[in-house]
Amino acid sequence: MQVNQINLQGRKAVVTGGASGLGYAITKRLLQSGADVALWDLKQEALDQAAFDLAPEGPVRKFMVDVADHAAVRAACDGSVREFGAIDILVNSAGIAGPAVPAVNYTPADWQSVIDINLTGTFNCMQALLPHMTARNYGRIINIASVAGKDGNPNACAYSASKAGVIALTKSLAKEVAKTGIRINCITPAAVRTAIFDQISQEHIDFMLSKIPLGRFGLPEEIAAMVAWLASEECSFSTGAAFDLSGGRSTY
């Protein structure tokens with residue numbers, strides 16, 4: 001895939017879930033565009049491996065953090081600001097799929113875990129970093145939602161609900177800061193083959209593929225390309241939007 005140049009020189013970014021999957025691809029693209037990146041992820045081993053693999057693109061800062069833990073997010077925020085002096089870009093990519101089972105079989109613990117990471121985690125990170133962006137009157141926040149948040153996938157009630165929440169959260173906070181230099185958007189990808197597929201049954205994977213008119217899953221690099229533009233200064237008149245990356249699946 002040809003990579004177009006997007007200028008993020010001198011920008012400082014935080015990518016949650018940046019050690020694997022979409023977060024890793026996004027981090028790589030931001031580094032290629034000239035940004036400095038702090039990876040926030042749950043596992044130190046994954047952070048160390050990602051930093052090693054990304055070394056040809058540039059060094060990254062590493063923070064082991066559970067985005068569902070409000071205090072841990074605050075600590076990672078303070079540490080990232082100390083490292084960089086400021087944060088210009090936040091990409092909320094940390095997330096889990098949860099079980100692929102009917103809602104009547106969903107346990108309260110599984111429901112809470114998906115909501116805590118996917119939705120509350122996104123809120124925690126935005127709430128922590130928004131004051132720093134507001135003080136400088138500049139920022140770009142990109143939240144990774146899902147087409148499931150628009151359509152509602154069967155046997156994925158918590159995931160679908162959490163991603164619908166991310167879309168609404170994006171729109172709400174974008175309106176709150178619309179008079180500033182901060183832009184907040186989200187993307188709604190269809191399924192992208194990453195490590196999150198390890199959490200999903202083959203039956204559910206086949207269902208998701210059947211809904212995509214292009215007849216294939218998205219590539220992490222395709223998602224990263226959209227995120228890189230949304231993270232740029234050029235994205236100046238789009239805010240509170242949900243950008244479709246669904247291979248033609250979305251109808252609105």
Side-chain angles (χ1 to χ4, degrees), residues 8-24 26-31 33-52 54-55 57-96 113 115-144 162 165-166 169-170 172-174 176-177 180-186 227-228 230-233 239:
L8 298 177
Q9 291 292 331
R11 296 300 185 188
K12 314 299 182 184
V14 165
V15 181
T16 74
S20 62
L22 289 183
Y24 179 90
I26 290 165
T27 297
K28 184 175 181 179
R29 183 60 187 263
L30 296 184
L31 289 169
S33 298
D36 296 314
V37 183
L39 299 183
W40 293 10
D41 213 288
L42 188 59
K43 297 180 180 179
Q44 188 63 52
E45 183 179 352
L47 282 166
D48 293 340
Q49 185 63 53
F52 177 81
L54 288 165
E57 310 297 341
V60 297
R61 274 67 165 187
K62 300 174 293 181
F63 293 86
M64 190 171 68
V65 55
D66 178 358
V67 297
D69 184 330
H70 185 266
V73 168
R74 292 284 177 170
C77 173
D78 292 343
S80 299
V81 171
R82 281 196 302 271
E83 284 280 341
F84 288 146
I87 301 297
D88 303 294
I89 300 161
L90 167 63
V91 182
N92 282 303
S93 183
I96 60 172
S113 180
I115 298 298
D116 284 349
I117 294 171
N118 294 1
L119 180 55
T120 304
T122 297
F123 169 77
N124 286 341
C125 296
M126 294 172 75
Q127 187 187 52
L129 281 166
L130 266 172
H132 298 279
M133 294 180 174
T134 302
R136 300 176 60 246
N137 197 38
Y138 183 85
R140 297 290 184 267
I141 298 177
I142 305 95
N143 298 322
I144 310 303
S162 70
V166 169
L169 179 65
T170 298
S172 176
L173 270 64
E176 290 183 12
V177 299
T180 74
I182 301 168
R183 303 291 175 262
I184 305 176
N185 294 289
C186 68
V227 172
L230 291 170
S232 73
E233 195 169 349
T239 198

Is there a donor-acceptor pair closer than 3.5 Å between any side-chain N or O of Thr122 and the backbone N or O of Asn92?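 Answer holds: no.
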
When rounded to the nearest 0.5 angstrom, what distance separates [atom1] in [X] from [atom2] in [Y]?
X: Ile117; Y: Ile96; atom1: CD1; atom2: CD1; result: 3.5 Å
X: Asn124; Y: Cys77; atom1: CG; atom2: SG; result: 11.5 Å
X: Asp36; Y: Glu83; atom1: CG; atom2: CD; result: 10.5 Å
X: Leu39; Y: Thr27; atom1: CG; atom2: OG1; result: 4.5 Å
X: Ser80; Y: Trp40; atom1: OG; atom2: CH2; result: 5.0 Å
X: Phe123; Y: His70; atom1: CZ; atom2: NE2; result: 6.5 Å

With sequence neighbours left out, write down each residue that passes side-chain contact (heavy atoms from CB on, under 4.5 Å) with [X], or none if nothing qualifies.
X: Thr134; result: Ile182
X: Asn137; result: Thr180
X: Ala19; result: Asp41, Ala46, Leu47, Ala50

[X] versus [Y], closest heavy-atom pair with distance:
X: Asp66; Y: Ala72; value: O-CB, 4.0 Å
X: Phe63; Y: Ala38; value: CE1-CB, 4.0 Å
X: Gly95; Y: Asn118; value: CA-OD1, 3.1 Å
X: Thr170; Y: Val166; value: OG1-O, 2.7 Å
X: Ser232; Y: Leu8; value: CA-CD2, 3.6 Å
X: Ala174; Y: Thr239; value: CB-OG1, 3.5 Å

So [Y] and [X], do their side chains get closer than 4.5 Å, heavy atoms only?
X: Asp48; Y: Lys62; value: yes
X: Tyr24; Y: Gln49; value: no
X: Ile87; Y: His132; value: no

Checking side-chain contact (heavy atoms from CB on, under 4.5 Å) for the pair Arg74/Gln127: CA distance, chi angles, key distance, verdict? CA-CA 9 Å; Arg74 292 284 177 170; Gln127 187 187 52; 3.2 Å; yes

Derivation of the salt bridge (charged side-chain N to carboxylate O under 4.0 Å, His left out) call for Glu233 and Arg11: CA-CA 10 Å; Glu233 195 169 349; Arg11 296 300 185 188; 3.3 Å; yes

Please step through side-chain contact (heavy atoms from CB on, under 4.5 Å) for the pair Arg136 and Asp88, ending with a clear verdict. CA-CA 9 Å; Arg136 300 176 60 246; Asp88 303 294; 2.8 Å; yes

Can you list the steps and then say if Leu169 with Asn143 is a side-chain contact (heavy atoms from CB on, under 4.5 Å)? CA-CA 9 Å; Leu169 179 65; Asn143 298 322; 5.5 Å; no

Checking Met126 against Ile141 for the side-chain contact (heavy atoms from CB on, under 4.5 Å) test, could you report, in this order, the C-alpha distance in whole Å, the side-chain angles of both residues, the deciding distance, and whether it holds? CA-CA 8 Å; Met126 294 172 75; Ile141 298 177; 4.2 Å; yes

